[in-house]
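Below is one structure; the comments refer to it alone.
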Amino acid sequence: QINYPLLSISERMTGIDVSLSYHSSGIRVDETASWVGLGWSLNAGGIISRRMNGNPDDILNSVANGFLALREEFSYEDVIEEFDDENELLALNLVEGCKDMQPDEFYFSVGGYSGTFAFDWNPNAEPVVSSIHDVKVERILPVNLNDPTIASSIKGWKLTMPDGSIYLFEKQELTTTEGKLGKQGNALTCSGEEMEYVSSWHLTEIRSAYDQEIITLSYVPYHMEINWNESFSTRLGTVSNPPACPNGGIQAVGAPSASNVKIVGQRLTEVQSEICKIRFIPEANLRADIGDCPSCGTNTDMYALSSLEMRERTNNRLIKKWNFSYSYRNNSTGIGSRLMLDGLTEIGVYRETKPGYQFAYNSNSLPDEKSYAKDHWGYYNMANQNPHMIPSYVHFGIGFYAYFDGADREPSLQGSLANVLEKITLPTGGTQEFEYELHTYGTVYKQAITSLQPYVINPQTYNDGKAANASQPG
């Protein structure tokens, strides 16, 4: 990972750093650029995120219930015992997704401390923390849990660190997944219900021990809609009497399923201590890569970061400033367009412009975010002819195997290099250049996957007319 420290607020007992980093693991086809460019991240403040298992633990005002509601109503023993007539309804609700017995996993990394935490089955307990540091995690509850306008029973989090400092996370990022309420027999299920939940909590305040120093962080919301998330399923029938394979004996059905995700995120605007402040200034124009169109999302307040300013709090005197410059790759606007960070320039205390950083990227272009031309890990593989994302499949039987022709999901070095960072020109005039290679992976029956060449004996067809082949090893 490439990392550049930019600004820092250092009090006697607390502090906060701002840095810019680039992940050099490649760019996935459906990756959306952050507000500092594709592949780049601005590290400032902190965040508590979660990996959701089943329903959100803390969800409110929804048809579905989360783990916190379940543990209030049932004990662990109630859930794991054999189901009888009395708790048949509980079993049905668990199967249909209306109740959830899987606690979510929460992650934090802030101020040099990191770890995970999760709830257990004690209805009165705070989360159980896993960290090499002695960190205490407590919930901050809403004033009124019956308020129909709130999505979570957790307003925020309070983390107490080993040195006595306190970090408060009270700015919520909301995610809404849309779907249709499904049916199982005559019973409604909750698995397809539209759901709004808190996907993360942003750092809003740092307090030193005994509240001697306080650093505050301010945000404004932004809105984004993503509707290019698609998944495919496949169904493989049985193969009988090889190699005869009667017609209809082999089937592979690919059915796309699209989901729409709405995000109300939080954009950092200012960090303020007792002696200085850092302002995060957006560009004047909206981002061109997130257009206001049905196929690529809705853009109402998405901006790229124009500059960072650090000033004295009392007299507003400039201490240091960084200017960011960008361009768009692939298309100038709309779907397929990619926001690229081209340069980073420092402005000194006397407003003098210092030599900056220049960034150059691979000339291959990514396809648009909805493209099926991607390998098993989501990177561009230049297979632009793919009709879907179901890969070729080899089914092994007794003395035979069946080969189902599908999408080309094999990696491509040339494709995976599209839009990746290749060269940095430093303020000194020197350069850094980066070379990439693919990982190696996988064998089948001690053969490299790419060397497996089925001998086609009896071609069959899918129900959509595409070819499937039943074969014996050659």
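What you are looking at is a predicted structure, and each value in this text was computed from that prediction instead of being measured.
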What pairs with Y380 under side-chain hydrogen bond (donor to acceptor under 3.5 Å, both in side chains), at least two apart in sequence or on another chain?
N384

Flag the pair W121 / F67 as yes when their ring centroid distance falls below 6.0 Å, and as no otherwise.
yes

Only one of R50, R139, K155 passes salt bridge (Lys or Arg N to Asp or Glu O under 4.0 Å) with D58; say which it is.
R50

Rounded at 0.5 Å granularity, tell me how far CD1 in I215 sits from CD in Q272.
10.5 Å

Do the rings of F434 and Y436 sit parallel, tilted or perpendicular, given the 30° and 60° boundaries?
tilted

Might you confirm whether atom CZ of R279 has over 12 heavy atoms from other residues, nucleotides or ligands at distances under 6.0 Å?
no

Could you give me the CA-CA distance, side-chain angles and deciding distance for I16 and I206, then say whether side chain to side chain contact (heavy atoms under 4.5 Å, CB included) is met?
CA-CA 9 Å; I16 192 167; I206 305 173; 4.3 Å; yes

Check ion pair R12-E213 (N to O, under 4.0 angstrom):
yes

Side-chain donor-acceptor pair under 3.5 Å between S21 and N43, yes or no?
yes

Across all chains, not counting sequence neighbours, the side chain to side chain contact (heavy atoms under 4.5 Å, CB included) partners of N122 are D120, N124, A125

May I ask you to decide if the ring planes of Y357 and Y4 are parallel, tilted or perpendicular, using 30° and 60° as cut-offs?
tilted

How far apart are the C-alpha atoms of S19 and D17, what are their side-chain angles, what is the distance that settles it, and do they pass the side chain to side chain contact (heavy atoms under 4.5 Å, CB included) test?
CA-CA 7 Å; S19 64; D17 298 320; 5.9 Å; no

Pairing of E73 and R71 as salt bridge, 4.0 angstrom limit:
no

Under 6.0 Å between the ring centres of H202 and Y219?
yes

Check step by step if side chain to side chain contact (heavy atoms under 4.5 Å, CB included) holds for M52 and Y197.
CA-CA 10 Å; M52 196 166 67; Y197 62 95; 3.9 Å; yes

Show the numbers, then the answer: is there a side chain to side chain contact (heavy atoms under 4.5 Å, CB included) between M224 and M302?
CA-CA 8 Å; M224 184 177 181; M302 295 284 290; 3.9 Å; yes

If we only count heavy atoms from C-beta on, is the E410 to H376 side-chain gap below 4.5 Å?
yes

Side chain to side chain contact (heavy atoms under 4.5 Å, CB included) partners of H23, counting only residues at least two apart
S25, I27, E31

Is any side-chain N of the basic residue among D289 and R287 closer than 4.0 Å to the acidic one's carboxylate O?
yes

Do NZ/NE/NH1/NH2 and the carboxylate oxygens of E346 and K321 come within less than 4.0 Å?
no

Would you please indicate yes or no on a ring centroid separation below 6.0 angstrom for W157 and Y167?
no

Salt bridge or not between R329 and D342? Use side-chain N to carboxylate O under 4.0 Å.
no

